[in-house]
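None of these values were measured; they are calculated from a predicted model. Remember, it's 1-based here, ligands and their atoms both numbered in the order they're listed.
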Amino acid sequence: MLKKMETDLVIVGAGPGGYTAAFYAAERGLKVILVEQDKRPGGICLNRGCIPSKALLHATHILKEAKGSDRMGIHFEPPRVNLNQLQDWKESILEKLSSGIRGYAKGKGINYMKGRGFFEDSNTLRVETDNGQEYISFKKAIVAVGSKPVIPKTFDLGNPRVMTSDGALEIEDVPQDLLIVGGGYIGMELGTVYAAMGSSVVLAEALDSILSGGADPDLIVPVIKSAKLAFKEIRTGVKVLKMATAGKKIKVTFEAKPKNKEELYDKVLVAIGRSPNSSGLGLENTKIVKDAKGFIQINYRQETDDPQILAIGDVAGGIMLAHKAAKEAKVAVDTILGGGRTFENIIIPAVVFTDPEIAWCGLTETEAKLKNIPIKIAKFPWSASGRALTLDHPEGLTKLIVDKE
Ligand code: FAD
């Protein structure tokens, strides 16, 4: 007979959702197994997302500050960037954080298993490890397998010159001409990095504005202004149709009238969104239901249609941010333990780490108008803020949306 390990809770995926759930559940006395296929725990956030992008943004911040100090009478030589050293520094941060997660898990008695999880049924997870297959019989499971970059077939040439955020964060070289397809926060943040490193960046966005759908348009204005100076061009309302390899370049076809336009780039970064990692996981062997885009359907307690299995983080849809995944992790564990918090009326703050940065939280002016909610607006321009002036960054504003009553 097949020998199975037994546990109260198995968690598939050790990103910010999965490891938060594991720590929280273990602290509350559950026997936990945490399964991760990657060589390092931490998920996309730590390995190919939040942390490496913020490390690179910090480095570019130094470049920009040094350049901007001339008018204060502080002069530096033009900077020399050693990409290998920059990579090593970034890598050391990731290594430190991931070994911290491993150590913390060990300290809490969590069984951390490196391998790929696959649901055999609603109570059994098969894990393909380097040493063969393990079977885990669980009372409850949390799916926290995250998401991956979307890359349409017409862009996917199998050529490393067409990158997603995964490749762009490796920053192997600084391309002379870089096209970024997609003006969401990932495209804008990585555009900020490459432009500061010396790339001539063209950004193409199909919608009428960059960074749409989050913060109010007036908060985005300072970012657009500064990106227009840093980038060669920002094109909105523009559709990229296809790409082809052309020697050492990428030939990109843009939709245009009366004739489509072709341009050559050294590299292209495709940042048009992320899709859930919900296939190849055996979910068809459970009662889990996915929506049309492949996100696992959940309720406000993180329960799926399978009574034994919960889902959290990017794979469960909604706003794809690390702290949202971590919050859902605690809701899921509370649900397993019989109540506690839910994911109702949760306000999720967001930050875009461009230069300048934007941060927002709660109801926006746009949403208030759409929902006919009476509000008052208070704005304070930073050009009148002593602190902003002493930091030499008077661009931007603080905006409050206030209940009219
Ligand atoms: P993930 O972090 O994706 O982790 C899922 C894990 O599951 C992965 O480690 C994966 O290897 C593992 N896995 C998948 N399938 C299996 C399987 N079958 N078996 C075992 N393991 C499996 N968010 C922020 O809040 N702030 C930021 O500044 C920010 N910056 C970002 C920058 C970039 C470039 C990107 C791409 C994302 C950024 N995000 C940011 C988003 C953030 O990374 C995600 O929202 C977050 O990582 C989601 O966490 P998660 O736990 O749901 O999944």
Side-chain angles (χ1 to χ4, degrees), residues 10-22 33-58 94 97-98 101 112-119 125-129 134 136 141-150 163-171 180 182 184-193 214 269-283 295-296 298 302 310-329 332 348-354 357-359:
V10 67
I11 299 163
V12 191
Y19 69 71
T20 305
I33 300 179
L34 177 60
V35 179
E36 170 58 54
Q37 64 185 7
D38 215 342
K39 68 173 189 285
R40 272 196 304 231
I44 285 297
C45 182
L46 195 157
N47 292 296
R48 291 178 290 282
C50 331
I51 305 298
S53 62
K54 264 81 260 180
L56 293 176
L57 278 159
H58 175 66
L94 313 190
L97 285 170
S98 66
I101 293 173
Y112 179 78
M113 197 184 265
K114 186 184 166 291
R116 182 170 173 74
F118 184 91
F119 286 93
L125 186 82
R126 169 161 53 89
V127 184
E128 287 156 26
T129 73
E134 297 274 2
I136 301 168
I142 296 178
V143 184
V145 291
S147 63
K148 57 178 174 299
V150 169
M163 312 176 284
T164 63
S165 54
D166 293 356
L169 288 166
E170 291 305 316
I171 203 151
I180 299 183
Y185 82 90
I186 293 177
M188 287 300 295
E189 287 185 3
L190 290 172
T192 304
V193 169
L269 163 61
V270 181
I272 56 170
R274 299 184 62 83
S275 66
N277 286 327
S278 58
S279 49
L281 195 62
L283 297 185
F295 291 102
I296 295 177
I298 48 153
Q302 307 304 133
L310 298 90
I312 59 172
D314 283 7
V315 76
I319 294 176
M320 291 185 174
L321 289 173
H323 44 285
K324 176 262 196 186
K327 180 81 184 178
E328 288 184 337
I348 306 167
V351 185
V352 180
F353 293 88
T354 39
E357 299 171 347
I358 326 170

Under 4.0 Å from a heavy atom of Gly17: give me the atoms of ligand 1 that qualify, with their elements.
51 (O)
Numbered atoms of ligand 1 (with element) below 4.0 Å of Gly313, judged on heavy atoms:
52 (O)
So Leu46 and Tyr19, side chain to side chain contact (heavy atoms under 4.5 Å, CB included) or not? Walk me through it.
CA-CA 12 Å; Leu46 195 157; Tyr19 69 71; 5.5 Å; no
Backbone or side-chain N or O of Asp314 under 3.5 Å from ligand 1 N or O:
yes
N/O donor-acceptor pair under 3.5 Å between Lys324 side chain and Gly313 backbone
yes
Where the closest heavy atom to atom 32 (C) of ligand 1 is concerned, which of Gly49, Gly43, Pro52 has it?
Gly49
Numbering as shown, the atoms of ligand 1 that approach Cys45 to under 4.0 Å (heavy-atom distance)
2 (O), 43 (O), 47 (O)
Going by heavy-atom distance to atom 2 (O) of ligand 1, choose the closest among Ile312, Asn47, Ile44.
Ile44
Atoms of ligand 1 less than 4.0 Å from Tyr185 heavy atoms?
29 (C), 30 (N), 31 (C), 37 (C), 38 (C), 39 (N), 40 (C), 41 (C)
Applying side chain to side chain contact (heavy atoms under 4.5 Å, CB included) to Ile136 and Val35, what does each step give before you reach the verdict?
CA-CA 10 Å; Ile136 301 168; Val35 179; 4.3 Å; yes
What protein heavy atom sits nearest atom 42 (C) of ligand 1, and how far off is it?
Cys50 SG, 3.8 Å
Looking only at protein heavy atoms, which one is nearest to atom 7 (O) of ligand 1, and what is the separation?
Gly13 CA, 3.2 Å
Using the side chain to side chain contact (heavy atoms under 4.5 Å, CB included) rule, take Leu169 and Leu190 through it: C-alpha gap first, then chi angles, then the decisive distance, then the call.
CA-CA 8 Å; Leu169 288 166; Leu190 290 172; 3.6 Å; yes
Quick one: nearest non-hydrogen protein atom to atom 36 (C) of ligand 1, plus distance?
Arg274 NH1, 3.3 Å
What do you reckon, does Gln37 have a nitrogen or oxygen under 3.5 Å from a nitrogen or oxygen of ligand 1?
yes
Using a 3.5 Å distance criterion without hydrogens, assess whether the side chain of Arg40 forms a donor-acceptor pair with backbone atoms of Ser98.
no
Ligand-side contact atoms (ligand 1) for residue partner Leu281, heavy atom cut-off under 4.0 Å:
18 (N)
protein heavy-atom neighbour closest to atom 10 (C) of ligand 1 works out as Glu36 OE2, 3.5 Å
Find all atoms of ligand 1 within a distance of less than 4.0 Å from any non-hydrogen atom belonging to Ser53, and give their numbers and elements.
32 (C)
At what distance is the nearest protein heavy atom to atom 28 (O) of ligand 1, and which residue and atom is it?
Lys54 NZ, 2.7 Å
Could you go through Lys54 and Glu189, starting from their C-alpha distance and side-chain angles, then the distance that decides it, and tell me whether this counts as side chain to side chain contact (heavy atoms under 4.5 Å, CB included)?
CA-CA 9 Å; Lys54 264 81 260 180; Glu189 287 185 3; 2.7 Å; yes
Could you tell me which atoms of ligand 1, counted from 1 in the order shown, lie closer than 4.0 angstrom to a heavy atom of Ser165?
34 (C), 36 (C)
When distances are taken from atom 25 (O) of ligand 1, the protein heavy atom at minimum range is Ala322 N, 2.9 Å
To which protein heavy atom is atom 19 (N) of ligand 1 closest, and what is the distance rounded to 0.1 Å?
Gly117 N, 2.9 Å
Below 4.0 angstrom from a heavy atom of Gly115, which ligand 1 atoms are there? Numbered from 1 as shown, please.
19 (N), 20 (C)
